[in-house]
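Reading through the structure tokens given below for one structure.
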Amino acid sequence: MAREEQRIAIYKSLLRAVNHPSADMVYRKIRKEYPTISFDTVNRTLLTFAEIGVIHTVESHSGVRRFDPDISPHHHMHCMQCGEIIDFCDRDLDAIAVPEAVSRQFTVLGKRVVISGLCDKCSRDQVSRESSA
Ligand SMILES: [Zn+2]
Ligand SMILES: [Zn+2]
């Protein structure tokens, strides 16, 4: 399988993913279609994509690097329980001012607001656990 072909397959798989997958998640999915591909190839390709700016990386609470194919301005809700990362858009947050103390010592290239909490499913699980206890 040619390198170009692998790259395109990896990119396509990431575009279809809506859950900000980790390299491992992308690998497990793509392996079904391309059984000869290695984890190392998938991981390296994703890092290259991030480096040249066609995708973004997202740090999750567990410390595992996740990838985001959507490079337009948007923000994230992180679920502390299941690790889900959900996109949301807000014009006001896009325009948020960077404190002077930051801009003085730091060249700002992007801004993203991360809201931590529990997703719908996890908070429902918690409520039902509490009420059954
Ligand atoms: Zn959750
Ligand atoms: Zn995102």
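Values reported hereafter were calculated over all heavy atoms of this structure, with side chains retained and with hydrogens, waters and symmetry mates removed. Note that ligands are numbered from 1 as they come in the structure, with each ligand's atoms numbered from 1 the same way.
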key: Ser38 and Asp40 side chains, donor-acceptor separation under 3.5 Å   = no
key: Worked check of side-chain contact (heavy atoms from CB on, under 4.5 Å) between Gln81 and Lys121   = CA-CA 10 Å; Gln81 189 91 40; Lys121 194 188 159 290; over 6 Å; no
request  = Looking only at non-hydrogen atoms, find the nearest pair between Ser22 and Phe67 and report the distance.
outcome  = C-CD1, 4.3 Å
task = State the CD1-CD1 distance between Ile71 and Ile55, to the nearest 0.5 angstrom.
result = 9.5 Å
For the Zn ion (ligand 1), every protein N/O/S atom that sits closer than 2.8 Å, waters excluded = Cys79 SG, Cys82 SG, Cys119 SG, Cys122 SG
task = Please name the pair of heavy atoms, one in Asp90 and one in His75, separated by the smallest distance, quoted to 0.1 Å.
result = O-NE2, 3.8 Å
ask   = Regarding Asp68 and His74, is there a side-chain donor-to-acceptor distance under 3.5 Å anywhere?
value = yes
note = Sorted by chain and number, protein N/O/S atoms nearer to the Zn ion (ligand 2) than 2.8 Å are His20 NE2, Asp68 OD2, His74 NE2, His76 NE2, Asp87 OD1
query = When clusters are formed by joining ILVMFWY residues with side-chain heavy atoms under 4.5 Å apart, either directly or through shared neighbours, do Val114 and Phe88 land in the same one?
reply = no
ask   = Is Asp125 salt-bridged to Arg129, cutoff N-O under 4.0 Å?
value = no
ask   = What distance separates Arg7 CZ from Thr45 OG1, expressed to the nearest 0.5 Å?
value = 5.5 Å
